**Student:** 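Just dropping this structure here.
Position 1 is the first residue of the sequence; numbering continues from there. Given the structure is predicted, the values throughout are model-derived calculations rather than measurements.
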Amino acid sequence: MDNLHPAGSTQPLGRMSRFLIFISHTMLCLYGCLFFLESLLGFNARIIPMLRFGSALVAVVVMLFEGKIVLRLNRFFLWYLGIIAISFISNLYTVADNGMNVSTNIFETAIVAIAFYSTLRDKACIKQFLFLLACSGGVLFVVLLTNEVLHIDNRLGSTLTGGNTNNFAEYVMITFFAAVITVIVAKRKSTKIIALIMCVIELYMLFLSGGRKYILCPAIMIVIFAWRKMNTISLAKKILLLVGVVLGFAVLWNIMMTNEVIYESIGKRFEADSMEAGAGNRFELFANGVYFFIRSPILGHGENAYTELNSTVFGINMYSHNTYVELLTNLGLVGFLLYYIPYFKTIMALRKASRKRTKDNLAFLFCAFMLATLFLHAGIIAYMSATLLTQLVAIGFRLVELEQQEINLTAEEKVSDPATVRNVNTHITIPADIR
């Protein structure tokens, strides 16, 4: 669903619409932040889902306020429609008992994500959300600091998420993504400075969380973006620089794990990660998924089947920790292609748009982000996740439309500009007596 004006329109947003969109974005960011503070601050847990679905409700209010509710099968809507359809259909043959719960969760996530997508009217709205999201990580840091829970023996977040520290690390990573992108694309110095402070704070929390893949993912995005921006440097120098970065990370890792002070504050949290949730047996979980996929490659075994099959066949009561494996096992090739074909098309479209608009970094930053998350998908279940990671992916999809609208508008302006219209040669016949 998209309540936006028709494709190609550049009608400016009114003040009330922008204010309501700001409220919607703020509620969504508060939802992500307060999710981890409920056990610490002890407020009513109902506030969290109220903020999440309230953000979608405010987005609907914007539509009603403008009187422009338009059902349009845009790229993002079709992507989610395919995922929802195959997920619910798979419950007709799933071997799991709770497959419908997963499908319902995907549906609820889609409602919030599609409503959020409708608020991304222009790049100013996107930058607003990214700045708010980055600042929400700073709010989380201040609350943890004032409640003296930043320095604990275990991984940061273990006391905030019921033991699932990966959820906390993923959220901090998302806010760090938002802060990094804001630093690069913001025009105001004050915004850049605030976002830079958020980068430092959130990177510090990321290290305290002990989530290695959540640190590597934004690092991959930054490397991809930096590689693209170094157009004037030769390929050999780029490779040498990349090798230097890798060696630098290796040296920093060695210092972190061998220096007693740094190890006690940060390093030991990464060792704890190797024992959590069977992280040392991820290859076995992957191999089990391949075994299940081969036995039902087209439609899979049904939603949430991996955990059930893993328990009954191999005696391991554990999910796959891998989006690729989970999709292939549960929804087969059909579900896998429905999810990843639009995902890859969006990456390619963002890359193409960034080549045409070299001065605007936003498109390529989200191209780099979506490429980096392909690495992250090997360690999380992304397609059924209700985290704000989905909102960042929604921005990537929306940017494709915005970039195309701007390119089309530029082309129309060139055609309508008299200065760009070429003079048409006219042939004049000269009378014989003049010649």
**Student:** Assess whether side chain to side chain contact (heavy atoms under 4.5 Å, CB included) is satisfied between Phe36 and Val172, documenting all intermediate values.
**Tutor:** CA-CA 11 Å; Phe36 300 101; Val172 176; over 6 Å; no

**Student:** Atom CZ of residue position Arg75 - does it have more than 12 heavy atoms of other residues, nucleotides or ligands inside 6.0 Å?
**Tutor:**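 More than 12 heavy atoms, drawn from other residues, nucleotides or ligands, come within 6.0 Å of this atom.
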
**Student:** How many angstroms lie between atom CD1 of Ile181 and atom CD1 of Ile395, to the nearest 0.5 angstrom?
**Tutor:** 7.5 Å

**Student:** If we ignore hydrogens and angles and just use 3.5 Å, is the side chain of Asn310 paired with the main-chain N or O of Met318 as donor and acceptor?
**Tutor:**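 Answer holds: yes.
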
**Student:** Between the side chains of Ser90 and Glu303, does any donor sit under 3.5 Å from an acceptor?
**Tutor:**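 Glu303 and Ser90 do not have a side-chain donor-acceptor pair below 3.5 Å.
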
**Student:** Near Phe88 CZ, under 6.0 Å, is it more than 12 heavy atoms from other residues, nucleotides or ligands?
**Tutor:** yes

**Student:** Answer yes or no: does atom CZ of Phe43 have more than 12 heavy-atom neighbours from other residues, nucleotides or ligands under 6.0 Å?
**Tutor:** yes

**Student:** Report the distance from atom OH of Tyr324 to atom CD1 of Ile381, rounding to the nearest 0.5 Å.
**Tutor:** 11.0 Å

**Student:** Give a yes or no on whether Phe107 atom CZ has more than 12 heavy-atom contacts from other residues, nucleotides or ligands under 6.0 Å away.
**Tutor:** no

**Student:** Just by distance, no angles: are the side chains of Arg398 and Thr119 close enough, under 3.5 Å, to form a donor-acceptor pair?
**Tutor:** no

**Student:** So, does Thr346 use its side chain to make a donor-acceptor pair with the main chain of Pro342 at under 3.5 Å?
**Tutor:** yes

**Student:** Considering non-hydrogen atoms only, spot the tightest contact between Tyr80 and Ala110 and give its length.
**Tutor:** CD2-CB, 3.6 Å

**Student:** Taking the six-membered ring of Tyr291, is the NZ or CZ of Arg295 close enough (under 6.0 Å from the centre) and on axis enough (within 45°)?
**Tutor:** yes

**Student:** Answer yes when Lys123 and Glu403 have at least one side-chain N-carboxylate O distance shorter than 4.0 Å, and no when they do not.
**Tutor:**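 Salt bridge between Lys123 and Glu403, a charged N being under 4.0 Å from a carboxylate O: yes.
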
**Student:** Which atom pairs, donor and acceptor, lie under 3.5 Å between side-chain atoms of residues 135-142 and protein residues at least two apart or in another chain?
**Tutor:**
from: Ser136; atom 1: OG; to: Leu133; atom 2: O; distance (Å): 2.6
from: Ser136; atom 1: OG; to: Tyr171; atom 2: OH; distance (Å): 2.9

**Student:** Taking the side chain as C-beta and beyond, is there a heavy-atom pair between Ser209 and Leu206 under 4.5 Å?
**Tutor:** yes

**Student:** So which pairs with a foot in residues 179-203 pass side-chain hydrogen bond (donor to acceptor under 3.5 Å, both in side chains), sequence neighbours left out?
**Tutor:**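 side-chain hydrogen bond (donor to acceptor under 3.5 Å, both in side chains) check on residues 179-203 returns no pairs.
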
**Student:** Testing Phe397, Tyr340, Phe344 for ring-ring contact (aromatic ring centres under 6.0 Å, His included) with Trp79, which one passes?
**Tutor:** Phe397

**Student:** Pairing donors with acceptors under 3.5 angstrom, does anything connect the side chains of Arg228 and Ser354?
**Tutor:** yes

